[in-house]
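Reviewing the structure listed below.
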Amino acid sequence: MYTILQKERLNPTVSKMVVSAPKVAKKAKAGQFIILRVHENGERIPLTIADYDREQGSITIIYQIVGRTTMLLDQLTVGEAILDFVGPLGKPSEIEGLHKVCVIGGGVGCAIAYPTAKALYENGAEVTVITGFRNKDLVILQDEFQKVCKDLHLVSDDGSTGKQGLVTNVLEELIQNGEQFDEVIAIGPLVMMKFVCQLTKKYEIKTVVSMNPIMIDGTGMCGGCRLSVGGKTCFACVDGPDFDGHAVDFDEAISRSSSYRNEEQHARETTCNLLNKEA
Amino acid sequence: MANMANEKVKMPVQDGIVRSGNFDEVALGYDEVMAVEEATRCLNCVNRPCVSGCPVKVKIPDFIAEVAKGDFKKAYEVIHETSSLPAVCGRVCPQETQCEHKCVRGIKGESVAIGRLERFVADWYRKNCKDALPKPQSNGHKVAIVGSGPAGLTCAGDLAKLGYHVSVFEALHVAGGVLMYGIPEFRLPKEIVQHEIEGLKQQGVEIECNTVIGRSESIDELFEEGYEAVFIGSGAGLPNFMNLPGENLKGVYSANEFLTRCNLMKAYQEGVDTPIQRPEKAVIVGGGNVAMDAARCAKRLGVKEVSIVYRRSMEELPARKEEVEHAMEEGIQFCLLRNPVRVLGNEEGWVKGVECVEMELGEPDESGRRRPVEKANSNFVIEADCMIMAIGTSPNPLIRSTTEGLDTNRKGCLITDESGKTTREGVFAGGDAVTGAATVILAMGAGKTAAKAIDEYIQNK
Ligand SMILES: Cc1cc2nc3c(=O)[nH]c(=O)nc-3n(C[C@H](O)[C@H](O)[C@H](O)COP(=O)(O)OP(=O)(O)OC[C@H]3O[C@@H](n4cnc5c(N)ncnc54)[C@H](O)[C@@H]3O)c2cc1C
Ligand SMILES: Cc1cc2nc3c(=O)[nH]c(=O)nc-3n(C[C@H](O)[C@H](O)[C@H](O)COP(=O)(O)OP(=O)(O)OC[C@H]3O[C@@H](n4cnc5c(N)ncnc54)[C@H](O)[C@@H]3O)c2cc1C
Ligand code: SF4
Ligand code: SF4
Ligand code: FES
């Protein structure tokens, strides 16, 4: 059992938890993830390692409440425990040799982008961060990003915070103003990553994306997380989750991510009903 | 005087139509009377041909003689001398190509039902003998086992008996390997697997789930923690695909994904969170046990038409004979001498059909089986909204890519000598990780052999 040491709500639908998992904390690196199961009949869901504390033996996860499992997870409080928690899984992000990097986080993707930005910063790279949210209520992790970057750009779809616009608007402006990035790292909704990649392809800037397909085991055993990358099939849980964004077939990934939409919607509705009744 | 009936005592089974709607065990097992009657068909042959067909050399005539006498406890003890998972092997061994294949009664009529008797004895023992075996005296040495499939569990059990402190590290949240995530409940009830694992825990074996060796910890770190030897029984879990156009459409699964959702995550039950697609028409590609299991699970999930597409003919189907018969009784269709070439999709990215070609058998290939060749212009489409690929698996590269000095062959299988020694000092391996996808009993046998070699290695250090 993996005890919850801290819990904090970051915005109405995103929470942060610090979980005791000494073995995972000992090996965790930026870019890796864990898989957890909340209860005995629960499903296995992947979440990125947002931070780790090797001394305390703890892992931080930041999750958006989107469906049944994340709702059930969010019911747990400090002192309670998560049934299964396995990791670190996936390959760590490659940060060696990068001097000037633009890290882009979209929505809850910021939780995945933050540890990478931090690792780059600690490795001496000059980091520019662009974060994008639908509106000001959804903003997360601004203080954390501020500490690990040279410039932080905030945009929102409706202009209720930061500049109004899309992350790609900012990126293009920076590039046109003469910023020369060794690499762009984009993490967020599939559509956002797809458009970032289209843009950086035009300017020939290497771009890494972190893919989040549906997973079960996370060890390369089921192939459910497969993606087409450069015409080859890759398993995101073992070959990734980071991939060369210019090689990823986003349209296929977007289609595959809706495989269980009906089942998920049903589970979400029943869970909402259940939790409302109990509350 | 031996019972000279030419046929095995019939195995009671759930009716085909009824069982294709539930996940309960199909074969119900002999009762005591049936078991004794079947046991009297054994001639107790002096040269014991059946034993030579068993990979772990179960003393078949000896245990059957005890069954005939009605001493089921003794029968169990005889089997247990060489086989640690009799309730499992009695159910899933391909007896018709192993022990029963060599049985002299098979020359004129049916062989003795060795598997069924083995299953009976193990089930009887589990129900009637609850007393735990005494915990062995510790010898102070530590061994780590990677993977909790039949290879790892057998190796762990044998070493624990010798007094070793054994820790088993398992990547998933439950122990058992393919016995838990692959083979379905209706063929091998999970309670039986867990009973065997409980038995090992009582013997002092520690099982640590949620630990992926190569990620959570490396083999080198296990040595640093004081383990004196490591056994790798990580199986062959990496699913193969055919690289067909359309293979990444929604509704195309590896058998591992479909079976994991169904068996490990229990998606067929109410009140369980893991989703599973419930299609109308499913095509399963492949002809082994895995294909049969996927087809039969699909049927039980309510799929109306389930077709198995296999590129050779009935004779070459590698699945256990009994599973093929059961699948037919349950209404699974067999499209033999057919091979898929393309997956067709609809506008929303879901599978809508599988384009296949007809095949014919040509000259024998390296495996001795006749090689299937495509017939020109024989393409046709099977309508389907689900396609399950059961065309084989390979060893997962995670361990070999994170451990120095572990040599593998072209197929990614770990290289070992007969005793299970790998090319790295102190590291042993066995089961599917070494042979590629094989059988439970071979994995168990490899676990046993390696346990012996590990004991010798540590005692002579
Ligand atoms: C490597 C990786 C890292 C991730 N990191 C984070 C993170 O740090 N924070 C965060 O909020 N989310 C993260 N996700 C997404 C997160 O796993 C899903 O939001 C979660 O599984 C939703 O489960 P649910 O039951 O609450 O919702 P559901 O109703 O089951 O699903 C809602 C959405 O989540 C996707 N999803 C469902 N099940 C899975 C699954 N087993 N694996 C992947 N996606 C799934 C669905 O396609 C759907 O879009 C990550 C996903 C991956 C693959
Ligand atoms: C659907 C299906 C049906 C089958 N039917 C039959 C049958 O009827 N009869 C028969 O004889 N055989 C059958 N087989 C084959 C048989 O199950 C296997 O040959 C046997 O299980 C191999 O045993 P193993 O111990 O080598 O590996 P596995 O049973 O595969 O176990 C390996 C274990 O290691 C774990 N693991 C892998 N990597 C790591 C890691 N890095 N760290 C920690 N743990 C790890 C895995 O999660 C798994 O639990 C079937 C197989 C399948 C898939
Ligand atoms: S272990 Fe398998 S092969 Fe050996 S006797 Fe038993 S059923 Fe036959
Ligand atoms: S070969 Fe058949 S009849 Fe002879 S001892 Fe073995 S099981 Fe009995
Ligand atoms: S999640 Fe199963 S192979 Fe990646």
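Numbered from 1 within each chain, the chains take letters A, B, ... in sequence-line order. These numbers come from a predicted model, not from an experiment.
For the options A:His39, A:Arg44, A:Glu252, A:His266, heavy-atom pairs under 4.5 Å to chain B are most numerous at A:Arg44. Top candidate by heavy-atom pairs under 4.5 Å with chain A, chosen from B:Gly235, B:Ser218, B:Ala171, B:Pro239, is B:Pro239. Highest contact tally toward chain A, considering only B:Arg261, B:Glu217, B:Met265, is held by B:Arg261 [criterion: heavy-atom pairs under 4.5 Å]. Ranked by heavy-atom pairs under 4.5 Å with chain A, the list B:Glu257, B:Glu348, B:Glu247, B:His173 is led by B:His173. Across A:Val38, A:Val24, A:Leu72, A:Leu89, the residue that shares the most heavy-atom pairs under 4.5 angstrom with chain B is A:Leu89. In terms of heavy-atom pairs under 4.5 Å with chain B, the best-connected choice from A:Gln32, A:Glu263, A:Glu40, A:Met221 is A:Met221.
How far OG of A:Ser255 is from CD of B:Glu347: 11.5 Å, rounded to the nearest 0.5 Å. B:Trp350 contributes atom CH2, which lies 5.0 Å from atom OG of A:Ser259 (distance to the nearest 0.5 angstrom). Taking CG of A:Asn41 as the start and CD of B:Gln269 as the end, the distance is 7.0 Å to the nearest 0.5 Å. Rounding to the nearest 0.5 Å places CD1 of A:Ile216 at 8.5 Å from CG of B:Leu264. Between atom CG of residue B:Asn210 and atom CZ of residue A:Arg37 there is a gap of 8.0 Å, rounded to the nearest 0.5 Å. Put simply, CZ on B:Arg215 and NZ on A:Lys91 are 7.5 Å apart, with the number rounded to the nearest 0.5 Å.
In this view, A:Lys16 satisfies the side-chain hydrogen bond (donor to acceptor under 3.5 Å, both in side chains) rule with no residue, not counting sequence neighbours. For A:Arg226, the salt bridge (charged side-chain N to carboxylate O under 4.0 Å, His left out) criterion is met by no residue, not counting sequence neighbours. With sequence neighbours left out, A:Glu43 forms a side-chain hydrogen bond (donor to acceptor under 3.5 Å, both in side chains) with A:Thr69.
For a residue to count as touching a neighbouring chain, one of its non-hydrogen atoms must lie under 4.5 Å from one of that chain's; by this rule A:Ile45 does not touch chain B. Contact annotation for B:Asn248: both backbone and side-chain heavy atoms come within less than 4.5 Å of a heavy atom of chain A. Contact of A:Thr233 with chain B is made through the side chain alone, with heavy-atom distances under 4.5 Å. For B:Leu398, no part sits under 4.5 Å from any heavy atom of chain A, backbone or side chain. When heavy atoms are compared at a cutoff of 4.5 Å, B:Phe258 does not approach chain A at all. Proximity to chain B involves both the backbone and the side chain of A:Ser258, based on heavy atoms less than 4.5 angstrom apart. Within the 4.5 angstrom heavy-atom criterion, atoms from both the backbone and the side chain of B:Ser216 approach chain A. Of the atoms belonging to A:Arg256, heavy atoms from both backbone and side chain fall under 4.5 Å from chain B.
When the heavy atoms of residues 274-286 of chain B are compared with those of chain A, the residues falling under 4.5 Å are B:Thr274, B:Pro275, B:Ile276, B:Gln277, listed by number.
Checked for salt-bridge contact, B:Glu221 and A:Lys23 miss the test: no charged N lies under 4.0 Å from a carboxylate O.
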Steps toward side chain to side chain donor-acceptor pair (under 3.5 Å) verdict (B:Thr260, A:Asp217): CA-CA 9 Å; B:Thr260 298; A:Asp217 56 296; over 6 Å; no
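Checking side-chain atoms of B:Asp273 against main-chain N and O of A:Arg68 turns up no donor-acceptor pair under 3.5 Å.
When the shell of 6.0 Å around NZ of A:Lys29 is examined, it contains 12 or fewer heavy atoms from other residues, nucleotides or ligands. Annotation: A:Arg9, atom CZ; neighbour count of heavy atoms from other residues, nucleotides and ligands within 6.0 Å is above 12. Within a 6.0 Å sphere centred on NZ of A:Lys27, other residues, nucleotides and ligands contribute more than 12 heavy atoms.
Classified by interplanar angle (parallel below 30°, tilted 30° to 60°, perpendicular above 60°), the ring pair A:Phe235/B:Phe241 is perpendicular.
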